[in-house]
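Protein chains get the first letters and strands the later ones, always in sequence-line order, with residue 1 at the start of each.
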Protein chains: 2
Amino acid sequence: MTIPASQNWDCETAARLVTERSDILPILGEVFREHGVEGASLSTITEATGLGKGSLYHFFPGGKDEMVEAVLAEIGDWFEQHVFQPLETTDDPERAVNDMLDAVLDYFHSGRRGCLIGALSLAKTRDSFSEPIQLYFKRWLKTLARALERLGHSRKRAKELSEMIVLGIQGALVLARASDDRAIFTRAIGRLRTDVAPVG
Amino acid sequence: MTIPASQNWDCETAARLVTERSDILPILGEVFREHGVEGASLSTITEATGLGKGSLYHFFPGGKDEMVEAVLAEIGDWFEQHVFQPLETTDDPERAVNDMLDAVLDYFHSGRRGCLIGALSLAKTRDSFSEPIQLYFKRWLKTLARALERLGHSRKRAKELSEMIVLGIQGALVLARASDDRAIFTRAIGRLRTDVAPVG
DNA sequence: GTCTATAGATCGATAGAC
DNA sequence: GTCTATCGATCTATAGAC
């Protein structure tokens, strides 16, 4: 059985007989988060996914590097859909920012889950990963600053606030995980929520 | 003990014939910062330090794990001496906090240098390292909150501010390195400096 | 103390049966 | 598409000469 035990699927319909690449990306992400990219061996991945090396190389001919790229791309897609796009399109800018913080709170499991992209930033072992990482943060800062401008902040202040927020989220993740105290993360998100209060 | 490898010493006096354990700790630290703990192989370390495996195991019989522990201990000592103790003993609390930010700015090379402890926090591969990491941040938060109290902040506000500051430093490091933009780090430190302005 | 040589395990990656 | 078997490379760690 190649379906992870934790994942639900409709038992009434036919069970999935074929594994899809997209099914194992979340598992890969968790493995990389937990062990680090270099610390996650193919044996670890094999065990976590329930797939043999043959299958893994069928989906990712480029090996572990391609797995990392795929995971990063998936994370980027998730944030594009659940964070960046809403920031751009939501009419009420205050709601847009609050929704973003909710999405972040949810994504990082209230601080229990680490940030793979942040971890890769600190130990930049590969230049091949630095481009998507750079784009990820750049897009986040940009869309957030735009929303803050619509909230009434000056362009300069909006840029500064966006930096404070993204940086605050990353730092809260580091400190919360290091201290093994999720409350640090939730408290930080709460503070950010009030910091961006609309001007006037 | 804290001499970086790049530092010159008086060539007139006798060159060091014996290597001391403390001499290679800074090099080990940089290697772990750059490649990550799992990504730094003994070959990498051998090349960086110029020492053979025999010498490395002479100094660190416990292998790489002991090297990491020693590096963490050295970092802890450095912060104890240059950050925590000054925070506790400097008479003027405002100067104490400002000196701390200066020390941090210097230690992380204005954002060019990553935080090994922060990196280890995000990918907590070993429980053996989590204790010194936890203590490091706990002590930082404690001594900083004390200084902020002496600055006139309430106990609660001081605790909150200390969290914001430590978390802000870590987040600024992540974002600055991910964006390859040191200005993000220096700007963040500047903001923290004004955030802790004495009350009244 | 420092080196080289090497053991033993594990790594990433491939080949081929089914 | 998935598995097992296996390769060569690399890893950590040790042994022993100097």
Side-chain angles (χ1 to χ4, degrees), chain A residues 1-5 7 9 13-29 31-32 34-72 120 123 125-129, chain B residues 1 3 5 9 14-29 31-32 34-72 120 123 125-129:
Chain A
M1 191 62 58
T2 57
I3 308 294
Q7 184 171 340
W9 74 86
T13 63
R16 286 266 198 69
L17 292 181
V18 290
T19 304
E20 291 182 18
R21 204 178 117 120
S22 58
D23 290 333
I24 48 184
L25 284 180
I27 306 177
L28 287 179
V31 172
F32 289 143
E34 193 165 345
H35 297 86
V37 171
E38 307 276 352
S41 69
L42 282 191
S43 305
T44 312
I45 297 171
T46 290
E47 194 178 353
T49 58
L51 267 70
K53 294 183 185 180
S55 301
L56 288 174
Y57 273 89
H58 168 71
F59 290 119
F60 308 97
K64 211 162 72 167
D65 278 15
E66 190 173 339
M67 298 182 202
V68 177
E69 283 178 31
V71 169
L72 289 181
L120 282 174
T125 168
R126 302 274 171 73
D127 278 346
S128 51
F129 302 149
Chain B
M1 120 180 181
I3 311 290
W9 74 82
R16 287 267 193 69
L17 292 181
V18 290
T19 305
E20 292 181 19
R21 204 179 117 119
S22 57
D23 290 333
I24 49 183
L25 283 180
I27 306 177
L28 287 179
V31 172
F32 289 144
E34 194 166 344
H35 298 85
V37 170
E38 307 276 352
S41 71
L42 282 191
S43 305
T44 313
I45 297 171
T46 290
E47 195 178 352
T49 58
L51 268 67
K53 295 182 186 179
S55 302
L56 289 174
Y57 274 90
H58 168 71
F59 290 119
F60 308 97
K64 212 162 71 166
D65 278 15
E66 190 173 339
M67 298 183 203
V68 177
E69 284 178 30
V71 169
L72 289 182
L120 282 174
T125 167
R126 302 274 169 74
D127 278 347
S128 51
F129 302 149

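Residues A:F129 and A:D65 approach most closely at CE2-O, 4.0 Å, considering heavy atoms. Between B:V71 and B:G29, the shortest heavy-atom contact is CG1-CA, 3.8 Å. Considering all non-hydrogen atoms of both residues, A:E38 and A:K64 come closest at O-NZ, 3.8 Å. Scanning all heavy atoms of the two residues, the minimum distance from B:A70 to B:R21 falls at CB-NH2, 3.4 Å.
Nucleotide C:dT2 holds its C1' atom 9 Å from the NE2 atom of B:H58, rounded to whole Å. With rounding to whole Å, A:L56 atom CG is found 10 Å from D:dT2 atom P. Whole-Å rounding puts the A:R21 CZ to D:dG1 P distance at 13 Å. Taking atom CD of residue A:E47 and atom P of nucleotide D:dT4, one finds them 14 Å apart after rounding to whole Å. For B:L42 and C:dT2, the CG to P distance is 16 Å, given to the nearest whole Å. Straight-line distance from the CD atom of A:E66 to the C1' atom of C:dA13: 13 Å, rounded to whole Å. Look at CD on A:E38: it is 19 Å from P on C:dT10, rounded to the nearest Å. Between A:M67 atom CE and C:dC11 atom P the separation is 13 Å, expressed in whole Å.
OP1 or OP2 of C:dC11 sits under 4.0 Å from a side-chain N or O of A:S41. The phosphate of D:dT10 (OP1 or OP2) has no side-chain N or O of B:S43 nearer than 4.0 angstrom.
Taking the nucleotide of DNA chain C with the nearest heavy atom to each of B:F59 and A:V37, the more 5' of the two is matched to B:F59.
Under the 4.5 Å side-chain criterion, counting only non-hydrogen atoms from C-beta, B:E69 is not in contact with B:F60.
Among the nucleotides C:dC3, D:dT12, C:dG12, the one closest to the side chain of B:L51 is C:dC3.
A distance of 10.5 Å separates CG of A:L72 from CG of A:L25, quoted to the nearest 0.5 Å.
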Provide a list of protein-nucleic acid N or O atom pairs under 3.5 angstrom, restricted to nucleotides 14-16 of chain C.
none

Report all side-chain donor-acceptor pairs from residues 46-59 of chain B shorter than 3.5 Å, counting only partners two or more places apart or in another chain.
{"unit_1": "B:T46", "atom_1": "OG1", "unit_2": "B:L42", "atom_2": "O", "d": "2.8"}
{"unit_1": "B:T49", "atom_1": "OG1", "unit_2": "B:I45", "atom_2": "O", "d": "2.7"}
{"unit_1": "B:T49", "atom_1": "OG1", "unit_2": "B:L51", "atom_2": "N", "d": "3.2"}

